[in-house]
Participant: 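I'd like to ask you about the structure that follows.
The figures that follow rest on heavy atoms only: side chains count, while hydrogens, waters and symmetry mates do not. So you know, we letter chains A, B, ... as the sequences are listed, proteins then strands, and number each from 1.
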Protein chains: 2
Amino acid sequence: MAERSEQPDLSTGAEVVVNRLLAEGVDVCFANPGTSEMHFVAALDAAPAMRPVLCLFEGVATGAADGYARIAGSPAATLLHLGPGMANGLANLHNARRAFSPVVNVVGDHATYHQPLDAPLESDIDALGHWAHGSVHRPESAAGLDAAVHAAVQSATGTPGSVATVILPADYSWGSAPQNPLSDKASEQPSPRTEEELDIAAAADLLRGQGQRAVMLLGGAATDTDGLRAAARINAATGARVLVETFPARLARGQGVPPIERLGYLAEQATQQLSGATHLVLVGAKSPVSFFAYPGKPSVLVPDGADVQTLNIDDLVGLAEKLGGAEPVAPEPEPAELPTGPLNPQTLAQVIAALLPEDAIISDEANTSGVFLPAATASAPRHDVLTLTGGAIGQGLPVAVGAAIAAPHRPVIALQSDGSAAYTISALWTMAREQLDITVVILNNHAYAILQLELLRVGSQADGERSRSLLDLSRPDIDFASIAQGFGVPATRATTAEELADQFRAALDEPGPHLIDAALPTWSPG
Amino acid sequence: MAERSEQPDLSTGAEVVVNRLLAEGVDVCFANPGTSEMHFVAALDAAPAMRPVLCLFEGVATGAADGYARIAGSPAATLLHLGPGMANGLANLHNARRAFSPVVNVVGDHATYHQPLDAPLESDIDALGHWAHGSVHRPESAAGLDAAVHAAVQSATGTPGSVATVILPADYSWGSAPQNPLSDKASEQPSPRTEEELDIAAAADLLRGQGQRAVMLLGGAATDTDGLRAAARINAATGARVLVETFPARLARGQGVPPIERLGYLAEQATQQLSGATHLVLVGAKSPVSFFAYPGKPSVLVPDGADVQTLNIDDLVGLAEKLGGAEPVAPEPEPAELPTGPLNPQTLAQVIAALLPEDAIISDEANTSGVFLPAATASAPRHDVLTLTGGAIGQGLPVAVGAAIAAPHRPVIALQSDGSAAYTISALWTMAREQLDITVVILNNHAYAILQLELLRVGSQADGERSRSLLDLSRPDIDFASIAQGFGVPATRATTAEELADQFRAALDEPGPHLIDAALPTWSPG
């Protein structure tokens with residue numbers, strides 16, 4: 001470790017990890033990164049000796065590391081995204097352990113101060129490392145990273161070889177290491193509060209008294225039509241703001257359903273939505289925390305000094321009745337117009353909204369490309385939206401399968417981004433086998449666009465070819481129509497709004513599954 | 001549970017589980033079964049109210065159960081194959097837990113008496129259930145199954161919903177329940193022995209004295225060329241039998257390498273190979289146990305009364321030198337002839353063997369269709385074979401990726417069965433992205449053939465359409481060439497031995513990845 005001591009201030013923790021891996025002879029990294037690994041990705045640009053290999057699924061990354069070890073006789077690293085990412089790689093780590101292959105997993109984790117908040121991707125990573133009978137190295141500070149990686153490589157390359165896991169919290173990754181311990185600032189996050197439950201009378205008093213200084217956050221069963229209508233009435237009666245949690249399990253939408261805004265995924269957005277609130281009333285939702293931690297940004301989204309209380313979901317309608325707010329009046333839906341011309345996230349959303357059938361179920365893993373969908377579909381026919389509750393991508397196609405089995409007479413529409421689709425693509429075969437009435441629209445922007453955005457948001461300066469290559473899906477482009485046909489699902493490719501409309505209409509008209517590969521412009525954060 | 005009491009002797013444990021699920025209102029099962037779940041599969045034939053839905057990947061099954069629950073408001077079951085199968089489903093169980101979706105996992109496990117033997121698929125299933133913040137129900141006997149399933153459904157459907165896991169050991173599954181506790185026979189398995197390590201002198205004395213009553217079992221680094229040649233010399237000098245462990249991590253093969261037999265995957269076969277042995281000497285291998293347990297068959301494969309000892313791998317060559325056995329003389333390789341006519345497992349193996357390039361790496365997940373490969377490739381040019389060490393299928397394509405990265409100048413050939421290929425199919429994209437020199441041959445027999453075989457082997461009487469449907473991949477047929485093209489890998493389809501030869505030769509000649517979808521006859525156990 002002596003070689004680093006002369007440049008005490010120049011390295012991020014992620015750079016220390018990359019350099020230590022290289023110093024130990026680990027120069028290949030099979031990667032399926034996410035937000036918490038963006039500084040590691042950025043560090044690759046300054047480390048040309050490290051070869052990053054992008055895999056579309058963590059099981060590919062861990063299996064590749066096993067194969068590498070069996071041939072090279074030395075370990076490769078994997079780069080995995082928190083517990084769910086490591087979970088996807090577990091089965092092949094099991095195979096690797098049975099092969100006595102040395103494998104060094106670098107598993108990104110939430111920033112240390114973000115971990116107690118139980119953000120969606122939080123889980124017990126250590127347990128997964130131990131499950132694979134491997135050593136788990138969780139440094140206690142950024143200064144401990146160098147030693148942790150060294151210990152992991154030593155452990156993996158012992159006799160016999162084994163699986164070693166280094167857990168790399170995001171704040172260590174972006175912090176300086178090894179000389180600079182974490183600033184105290186990171187630990188100054190307010191801790192989550194314990195919440196008092198309101199009864200109907202107390203809730204009525206509070207909301208009447210506070211008006212728009214109060215925010216009701218709806219989740220769980222409160223996001224059905226009745227819950228949303230009750231919330232709208234409460235808003236009408238008191239002025240209290242109402243919001244839906246960021247990723248509801250099942251959200252009623254469309255005509256007759258008040259289009260209540262969701263709390264933003266981006267902490268900046270959520271902070272703005274909650275600003276000025278002195279009272280937060282949770283109705284089936286958890287106290288809001290940001291999805292990830294970011295340098296210098298708060299993880300707890302409750303405004304400073306605000307009180308947090310809860311209301312039982314079962315009391316929501318009763319509260320609306322007690323307050324006597326007017327039933328929301330839906331505006332007369334305007335006939336949606338079909339757009340023409342180039343296909344982009346906006347015209348795509350317009351086509352979906354204009355042609356959405358009554359009582360549809362949308363499995364929504366559209367991610368970045370879906371940004372225009374909520375506004376466009378607000379006055380579409382009544383439908384339900386199923387969202388990515390736990391943040392473990394690759395959920396959309398399987399969830400569509402389950403929804404179609406559960407409700408065989410409702411049209412199911414899977415709005416699926418390209419990167420996430422690749423995780424569990426064989427769900428298409430089950431759609432074909434069961435002849436499920438599912439229309440899959442792949443929002444194909446040829447990129448892990450969310451990560452290109454996150455790479456900027458975590459404050460990384462990465463703009464090199466190596467780091468960008470891990471976020472780019474365009475070499476080669478994935479032809480989802482060809483893959484779908486291979487799994488037995490009829491498929492087409494849409495390159496204009498008109499083509500999408502024609503193909504979407506035809507897919508809905510015909511029973512059984514269909515896939516439309518919607519060619520969006522290649523996403524770039526610039 | 002009263003409804004079962006009038007038919008005390010008619011139900012297997014698996015039937016009790018299926019019937020209890022139905023009685024609790026769980027009538028859909030998203031399934032990705034394996035050997036240990038075959039009695040559950042068989043039980044479906046007698047339970048027309050239960051709808052089985054085959055998924056090609058466990059993450060599809062668990063995600064589908066989540067989607068089902070969000071729409072139906074009640075749980076579906078999943079059927080998962082031991083720890084590695086559950087591991088593949090974990091990420092979507094994480095999403096399900098965040099959605100508070102009720103999900104009831106039925107996870108098959110080894111027979112209880114097989115579990116302490118650390119067979120390849122053994123792992124800590126409970127830890128995975130707990131990782132998903134769910135309840136884990138591990139009945140203590142077959143008589144406890146009914147109550148365990150009841151408790152799991154109750155737990156999953158509590159407020160809020162959660163993930164509950166029932167662990168279903170194979171012996172409980174095939175045993176009678178709830179009235180008949182397990183026969184004592186199952187517990188009479190001999191326990192694994194502790195092994196004494198031999199030095200070179202003691203090993204030489206033992207093997208000289210015992211001759212063919214001694215068996216050396218080679219594993220780990222002992223399966224390289226030097227190890228295998230030393231073992232062959234020891235055999236020549238003493239008559240001691242030598243075998244390679246069933247699933248070696250890396251096995252040297254071909255010209256100049258003694259073609260030492262592998263211990264059979266089927267316990268019947270292994271028992272025969274080891275019969276008459278009074279001494280077993282392990283060299284880098286574990287004491288042999290059967291992969292799964294089967295009713296009335298032994299799990300420990302060491303013959304009754306045999307001594308088990310070990311020899312350090314580093315002493316293998318020294319022992320051969322001390323014993324002075326002759327160097328094995330390789331027979332002059334006969335020029336391999338290319339077969340003509342229909343493509344079947346035998347002609348496929350002949351084509352691969354005849355055209356195998358020097359110094360190739362074979363990633364072997366050919367499973368049932370690969371039965372003729374070892375004999376055919378014994379006198380092919382020198383090559384290495386990487387096998388499925390941990391039994392968690394879906395390893396072959398990722399391992400090929402890793403091997404090609406590790407050895408960019410060696411041709412890599414992935415011999416991949418169709419069912420297993422679907423697990424981690426997106427590995428093809430990484431092959432294209434990295435332009436890896438990999439030739440993938442899909443041994444496409446349109447079936448989980450190994451499971452059709454296992455269904456018979458576990459002594460199940462299943463022959464109904466419902467159980468067979470879970471082992472059949474022909475509705476719809478998977479067109480791997482189309483899928484490969486979708487992921488950017490040039491692909492062809494071979495339907496005769498001549499076509500396979502032409503396409504295999506062309507794929508090897510051209511740099512970069514290629515896939516050949518080899519259309520084998522549809523497998524059927526009849």
Side-chain angles (χ1 to χ4, degrees), chain A residues 28 53-57 59-60 63-68 70-72 84 87-88 90-92 94-95 98-100 120 123-124 127 131 249-250 361 386 389-390 392 394-395 398-403 405-407 422 424 426-427 429-430 432-434 475-476 478-479 482-483 485-488, chain B residues 28 53-57 59-60 63-68 70-72 84 87-88 90-92 94-95 98-99 120 123-124 127 131 220 249-250 361 386 389-390 392 394-395 398-403 405-407 422 424 426-427 429-430 432-434 475-476 478-479 482-483 485-488:
Chain A
V28 171
V53 179
L54 178 58
C55 302
L56 294 188
F57 181 64
V60 178
D66 180 10
Y68 180 93
R70 295 198 208 182
I71 295 304
N88 277 334
L90 272 193
N92 275 336
H94 171 87
N95 286 323
R98 293 292 187 186
F100 300 109
S123 74
D124 184 354
W131 182 83
R250 175 178 172 166
I361 296 166
L386 313 181
T389 48
Q395 173 194 268
V399 155
V401 168
I405 297 267
T424 46
S426 72
W429 184 85
T430 301
R433 155 71 67 103
E434 300 291 327
R475 291 177 300 108
I478 301 177
D479 177 348
S482 181
I483 292 171
Q485 284 157 359
F487 280 122
Chain B
V28 170
V53 179
L54 178 58
C55 301
L56 293 188
F57 181 64
V60 177
D66 180 11
Y68 180 94
R70 295 198 208 182
I71 295 305
N88 277 335
L90 271 192
N92 275 337
H94 171 88
N95 286 324
R98 293 293 186 187
S123 74
D124 184 353
W131 182 82
R250 175 179 172 166
I361 296 166
L386 312 181
T389 49
Q395 173 195 269
V399 155
V401 167
I405 299 268
T424 46
S426 72
W429 185 85
T430 300
R433 157 68 68 100
E434 300 290 328
R475 290 177 300 109
I478 302 177
D479 177 349
S482 181
I483 292 171
Q485 285 157 359
F487 280 122

Participant: What option among B:Ala422, B:Cys55, B:Gly59 has the most heavy-atom pairs under 4.5 Å with chain A?
Facilitator: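 Greatest number of close heavy-atom pairs with chain A: B:Cys55.
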Participant: Could you tell me which portion of B:Val53 (side chain, backbone, both or neither) has an atom closer than 4.5 angstrom to a non-hydrogen atom of chain A?
Facilitator: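 For B:Val53, the contact with chain A is made by backbone and side chain together.
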Participant: If we only count heavy atoms from C-beta on, is the A:Val60 to B:Ser426 side-chain gap below 4.5 Å?
Facilitator: yes
Participant: Please give me the minimum heavy-atom distance between A:Trp131 and B:Ser123, naming the atom from each residue.
Facilitator: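 Closest heavy-atom pair between A:Trp131 and B:Ser123: CZ2-OG, 3.1 Å.
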Participant: Applying the ring pair (Phe, Tyr, Trp, His ring centres under 6.0 Å) test to A:Phe57, which of B:Trp429, B:Phe57, B:Phe487 qualifies?
Facilitator: B:Phe57
Participant: Among B:Arg70, B:Arg250, B:Arg475, which has the most heavy-atom pairs under 4.5 Å with chain A?
Facilitator: B:Arg70
Participant: Under 4.5 Å from any heavy atom of chain A, what part of B:Asp124 do you find: side chain, backbone, both or neither?
Facilitator: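 Contact with chain A: backbone and side chain both.
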Participant: Test B:Leu386 against A:Ile71 for side-chain contact (heavy atoms from CB on, under 4.5 Å), laying out the working first.
Facilitator: CA-CA 9 Å; B:Leu386 312 181; A:Ile71 295 304; 4.0 Å; yes
Participant: Nearest heavy-atom pair of A:Arg98 and B:Gly390: which atoms, and what distance?
Facilitator: CG-CA, 3.5 Å
Participant: Quick check for you: to the nearest 0.5 Å, what is the distance between A:Phe100 atom CZ and B:Thr389 atom OG1?
Facilitator: 9.0 Å
Participant: Select, from B:Ile483, B:Leu54, B:Asp66, B:Asp479, the one with the greatest count of heavy-atom pairs under 4.5 Å involving chain A.
Facilitator: B:Ile483
Participant: For B:His94 versus A:Pro120, what's the shortest heavy-atom pair and its separation?
Facilitator: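 Residues B:His94 and A:Pro120, closest heavy atoms: NE2-O, 2.8 Å.
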Participant: What are the two closest heavy atoms between B:Ala91 and A:Ala392, and how far apart are they?
Facilitator: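 That closest heavy-atom pairing would be O-CB, 3.7 Å.
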Participant: Look at A:Leu90, A:Asn88, A:Ile478, A:Val401 and state which one has the largest set of heavy-atom pairs under 4.5 Å with chain B.
Facilitator: A:Ile478
Participant: Could you state the interatomic distance from CG (B:Asn92) to OG1 (A:Thr424), rounded to the nearest 0.5 Å?
Facilitator: 6.5 Å
Participant: Counting heavy-atom pairs under 4.5 Å to chain A, which of B:Ala87, B:Ala65, B:Ala72, B:Gly488 comes out on top?
Facilitator: B:Ala87
